[in-house]
Amino acid sequence: MSANDLNKLTLSENSEKTPAAAPSRRYVPPHRVNAPPRPAQPQTPQYSNADRYPRSNGGNRSFGYGRSSYNNRRPQDPHRAAAGRYANGEHVPGYENKALELELFGTQEDTSFQSTGINFDNYDEIPVDASGTDVPEPVLTFTSPPIEPHLLTNIKLARYTKPTPVQKYSIPIIASKRDLMACAQTGSGKTGGFLFPILSEMFFQGPVAEQPTETTGRNRFQNHKIHPQALVLAPTRELVNQIYEESQKFTYRSWVRPCVVYGGADVRQQTQQMHTGCDLLMATPGRLVDLIDRGYISLSKIKYLVLDEADRMLDMGFEPQIRRIVEGSDMPGVDHRQTLMFSATFPREIQMLASDFLSDYVFLSVGRVGSTSENITQQVLYVEDDQKPATLIDLLPTTKGLILIFVETKRMADSLAYFLLNKNLAATSIHGDRSQFEREEALKSFRTGEAPIMVATAVAARGLDIPNVTHVINYDLPSEIDDYVHRIGRTGRAGNTGIATSFFNRGNRGIAQSLINILKEANQEVPDFIESVAREHSFGRSGGRGGRGGRSNGTRDWRRGNNGGNNGFGGGFGGGFGDSNGYGNNSGFGGGQSSGYGNSYGGSW
DNA sequence: AAAAAAT
């Protein structure tokens, strides 16, 4: 029995007993329709990080601990060839490793390896709005300069032909030492948007000076703490892993060693990986704080800090941990590092909060000035709670591709997946109460089409890049409109089309008005019942029109203001902006904005 | 009221 079968068994214990329980709809990705069966893939990655990136003796670094014996133990290792290094002010790429190349980049024919799924030709039309002082000119092609030559070869291997709009701006912005706040959908090349410029700079500039021994702690690692140069934080384990996998492509044959740490997985494995080198670290906040507290990791050499899904990272649930990492650790202050924030949505209040972590940043807004892509057909059905299962069953046969169903609770995720399995539909589920193994298995069987239906909670709402998701179903609508925007962004990624169907009833009156705004902005049909529920809602409340203004969900630079000209931007910018207290104390500006905003927000419950 | 993230 394969691991995937095991995975399904946890949901449906009798699936093995009935032979008829074979999946009745099996998804075959378009590029595999007439292809010969794929050879069995190994369950675990073929190469450990140590294999991918062996230390070269006599390289730019020397670790006192265990280094030479480590290399001596494996003198025949063919993958040592993949090591690059930085010597005498120059980046010396390692030798080619065709097997590793195949694993990282796939073949030309296998389109599933273009997992970023970007149709570059559709990008030229997308409007980009950049604001801030002295915004650097965008680059139009992947060329050197400004991009480091070896990074260019990796970008070519990954078959990225030209920069996406985010990348056009982020590359020169980071090269000119500026901070960045970027609003862009997943699938818009966001990950490359920060990996390319950061890796380019790191490749050029080389490692930071090796730390002298710092403390003598009770564990041996405290004598050689890990000092990453770049840190990427993201809100879910799967997302952090996805970014890590991307980073392995672009660090191929380079001196930079990427690592990943997140909860639910073995700590020892993660720390061992770091001790074969760690220059670029991807992390979820909890595990990182843990490793900092235990003395494994120091952030004192951080030059680049990235917050992916930044609005989520700065909301109530995460903000204390982020402050703990950014302000409460040995990380260099805002003026001694570069900070980059990315998200598809950026509510104004989050933008204001974010300026604590940014200095004189460029604000970038990519895509429609509205919020959701026109590639996605958004459909809203009026469905009472007790009719939802039947309506879902009617809906499922209408799509051929992967179907992602969002629910509000973990319990509902389990019970809905169980319900679907009992209907002989190959479904799986992902939520935070499942083990990390189950989560990764679920995601894998969904990606491969083995289980073309996945029921998910908020854990899968953001950032995950799953090719061939053709249909997102909001079985339960979220209570925040930004969550809606992120969820439907799992389909219709640039260049493709997708459908988003939402089940709406009176229980969702809280987001009725903002849903109308989103639908209108994306030129979608607005059913009458939403309008009438929205009206009921605003009558019931003490004198407010429902929802937030159409612009507030974050495609505009809040510094521009829309209440009385742009004095906050033009006048106050040069003087007060670098000071993180400048805005918080500015009662005129801050107070006026937040009361309007907080009002409509608070009213939705 | 719920989800996510450390054990």
Side-chain angles (χ1 to χ4, degrees), chain A residues 219 231-244 259-271 274 281-297 299 307-326 328-329 343-345 350 385 404-417 429-440 442-443 454-464 474-487 490 505-511 601-605:
Chain A
N219 79 55
L231 174 65
V232 180
L233 295 171
T236 66
R237 299 165 183 174
E238 284 75 12
L239 185 51
V240 149
N241 215 9
Q242 178 180 299
I243 300 167
Y244 170 63
C259 286
V260 64
V261 298
Y262 53 80
D266 185 25
V267 187
R268 268 191 57 197
Q269 211 177 318
Q270 292 176 354
T271 51
M274 291 193 297
L281 180 63
M282 272 57 67
T284 49
R287 178 56 64 87
L288 179 63
V289 167
D290 183 28
L291 292 177
I292 292 172
D293 287 344
R294 292 204 221 177
Y296 284 81
I297 295 175
L299 300 179
L307 298 188
D308 199 11
E309 305 302 335
D311 61 335
R312 182 81 183 80
M313 302 300 281
L314 294 173
D315 80 6
M316 283 192 331
F318 275 115
E319 192 204 335
Q321 290 181 79
I322 298 302
R323 288 199 186 272
R324 165 76 183 78
I325 292 166
V326 180
S329 78
S343 182
T345 55
I350 298 287
D385 287 344
L404 185 54
I405 305 173
F406 282 106
V407 294
E408 274 296 90
T409 63
K410 295 182 266 205
R411 237 185 111 168
M412 181 58 88
D414 278 338
S415 73
L416 189 56
S429 73
I430 187 167
H431 63 71
D433 275 355
R434 302 199 77 192
S435 73
Q436 192 55 30
F437 177 81
E438 289 172 322
R439 282 167 60 161
E440 280 163 23
L443 195 53
M454 184 163 77
V455 186
T457 60
V459 71
R462 284 164 179 269
L464 287 187
N474 283 307
Y475 190 87
D476 301 319
L477 272 164
S479 55
E480 297 271 343
I481 194 64
D482 286 352
D483 292 334
Y484 173 85
V485 173
H486 282 274
R487 285 179 180 190
R490 294 317 98 216
N505 60 41
R506 277 198 176 68
N508 305 115
R509 57 187 174 279
I511 68 157
Y601 234 173
S604 60
W605 268 98

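To find a chain, count down the sequence lines: A is the first, B the second, and so on, and within it residues start at 1.
What separates CG of A/D414 from C1' of B/dA3 is a distance of 14 Å, to the nearest Å. Straight-line distance from the CD1 atom of A/I297 to the P atom of B/dA6: 12 Å, rounded to whole Å. Per the geometry, CD1 belonging to A/I322 stands 13 Å off P belonging to B/dA5, to the nearest Å. The distance between atom NZ of A/K410 and atom P of B/dA3, rounded to the nearest whole Å, is 5 Å. Look at CG on A/L307: it is 20 Å from P on B/dA4, rounded to the nearest Å. Between the CG atom of A/N241 and the C1' atom of B/dA5 there is a distance of 15 Å, given to the nearest Å. Atom P of nucleotide B/dA5 and atom CG of A/L239 are separated by 11 Å, given to the nearest angstrom. Residue A/R439 contributes atom CZ, which lies 13 Å from atom P of B/dA3 at whole-angstrom precision.
At least one donor-acceptor pair under 3.5 Å links the side chain of A/D476 to the backbone N or O of A/E408.
Taking side-chain N and O atoms only, A/S479 has no distance below 4.0 Å to OP1 or OP2 of B/dA2. Not one side-chain nitrogen or oxygen of A/R411 sits closer than 4.0 Å to the OP1 or OP2 atom of B/dA3. Using a 4.0 Å cut-off, no side-chain N or O of A/T409 falls inside it from OP1 or OP2 of B/dA1.
Between A/R312 and A/D315, at least one side-chain N (NZ, or NE/NH1/NH2) sits under 4.0 Å from a carboxylate O, which counts as a salt bridge.
Base contact: A/F318 has a heavy atom under 4.0 Å from a base atom. At a threshold of 4.0 angstrom between heavy atoms, the contacts of A/G432 are confined to the sugar-phosphate backbone, with no base atom among them.
Partners of A/R237 under the side chain to side chain donor-acceptor pair (under 3.5 Å) rule, at least two apart in sequence or in another chain, are A/Q436. In this structure A/Y475 satisfies the ring-ring contact (aromatic ring centres under 6.0 Å, His included) test together with A/F503, sequence neighbours excluded.
Not a single donor-acceptor pair, N or O on each side, falls under 3.5 Å between the base of B/dA4 and the side chain of A/R237.
A 4.5 Å side-chain heavy-atom check between A/R324 and A/P285 finds every atom pair outside the cut-off.
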